[in-house]
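Chain A is the first sequence line, chain B the second, and so forth, proteins listed ahead of strands; every chain is numbered from 1.
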Amino acid sequence: MKVATWNVNSLTARWERVVAWIEDNGPDVLCLQETKQDDSKFPFAGFEALGYEAVHNGEGRWNGVAIASRVGIDDVRRGFGTIEDDDGARIIGATCNGIEVMSCYVPNGRALDDPFYARKLSWLDRLASHVGAVPPQRALIVVGDFNVAPEDLDVWDPAALEGSTHVTGPERDRLRAIGGLGLVDIVRDRRPGEQVFTWWDYRNGAFHRGWGMRIDLVWCSPLVAAGVTDALVDREARKGTKPSDHAPVVVTFELPGAP
DNA sequence: ATGTCCCAACTTTTGGGA
């Protein structure tokens, strides 16, 4: 099974690129962030034409998350449910082929002295509560744009980012708490010591200069992680005409319990 | 480093956000 996550920075603006990427890569499940659409504009029919059933948690101009699956999609959960959830449309969950999937768009945080930074930390705390315990039999994948680089290896120049969001101790503590639930940051797990970026600013020629960060993450429960055969970032998708500023992250694994 | 892209709107240019 192949699961991908991609912050598309507007699904309206990116639709042709998304279609081409799906046709080229054939993910079984594709999680999207920053669709920037309300549900009435989301291309349900477009996904259906490609053989996917899609679900969306959208709000309009900002945020918006989706899951598209060609292996079934059940038990859809929009938002945090009973947990405080007033920071926009940032999470949707569903079960695809027996695997629990959560597509997340963590708040950016803007700046360390901005109230949105505190909301970002709070949102990550609430995500950990929402995910809950990860016992050995649980098949779970939590993916998305976390807007946090887990460690200094995951940014092009730690010194240039001092005093900025995405790299602070409190943010990284929250990622460690996700790991503390038992989830595995699967790209780092599969590529120890390798610098792999998923996002490059549109400005300053950042992509061509290699000024990027690894902020789009795939967290697998141990049951899923045990079956992973590949984990990569498709940086080709950051090239060309009208790219998103993020590249897709793609993880392939054998289904839990498969012979 | 702040050079881009995307969205909405009292829309044909500007401001907010990332």
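Other residues, nucleotides and ligands place no more than 12 heavy atoms under 6.0 Å from the CD atom of A:E48.
Distance CZ (A:R238) to C1' (B:dA18): 13 Å, rounded to an integer number of Å. When rounded to the nearest whole Å, the span between CG of A:D145 and P of B:dG17 equals 17 Å. Spacing between atom NE2 of A:H246 and atom C1' of B:dG17 amounts to 12 Å, rounded to whole angstrom units. Here the P atom of nucleotide B:dG17 and the CZ atom of A:R90 are 12 Å apart, to the nearest Å. As a whole-Å value, the separation of A:D245 CG from B:dA1 C1' is 16 Å.
Less than 6.0 angstrom separates the ring centroid of A:W15 from the ring centroid of A:F47.
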Could you check A:D234 against A:W6 for side chain to side chain contact (heavy atoms under 4.5 Å, CB included), going step by step and ending with a plain yes or no? CA-CA 10 Å; A:D234 181 12; A:W6 195 5; over 6 Å; no
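Listed by residue number, the members of residues 105-116 of chain A with any heavy atom below 4.0 angstrom from DNA chain B are A:Y105, A:N108, A:R110.
Identified under the ring pair (Phe, Tyr, Trp, His ring centres under 6.0 Å) test for residues 87-128 of chain A, with sequence neighbours left out: A:F80-A:W123. Listed by first then second residue, pairs satisfying ring pair (Phe, Tyr, Trp, His ring centres under 6.0 Å) with a partner in residues 173-193 of chain A number zero, not counting sequence neighbours.
Nucleotides B:dG15 and B:dC10 have their C1' atoms positioned 14 Å apart, rounded to a whole Å. Taking the C1' atoms as reference points, B:dC6 lies 15 Å from B:dT11, given to the whole Å. A gap of 25 Å separates the P atoms of B:dA1 and B:dG16, to the nearest Å. Here the separation of B:dG3 from B:dA18, taken at their C1' atoms, is 16 Å to the nearest Å. Nucleotides B:dC7 and B:dT12 have their C1' atoms positioned 15 Å apart, rounded to a whole Å.
Judged as a side chain to side chain contact (heavy atoms under 4.5 Å, CB included), and not counting sequence neighbours, the contacts of A:R78 are A:V55, A:N57, A:V76, A:I92. Listed by chain and residue number, A:R174 satisfy the salt bridge (charged side-chain N to carboxylate O under 4.0 Å, His left out) test with A:D125 (two or more places apart in sequence, or in another chain).
Applying the side-chain contact (heavy atoms from CB on, under 4.5 Å) test between A:V224 and each of A:I141, A:V3, A:L255 identifies A:I141 as the sole match.
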Tell me, for nucleotides 2-12 of chain B in 5' to 3' order, what letter each nucleotide earns: B for a base near a protein heavy atom under 4.0 Å, S for only sugar-phosphate near one, - for neither? BBBSSBS----
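Summary of the strand contacts: A:A160 and A:N147 both lie near DNA chain B, and taking for each the nucleotide with the nearest heavy atom, the more 5' one is attributed to A:A160.
Neither side chain, A:N9 nor A:E34, offers a donor N or O lying under 3.5 Å from an acceptor on the other.
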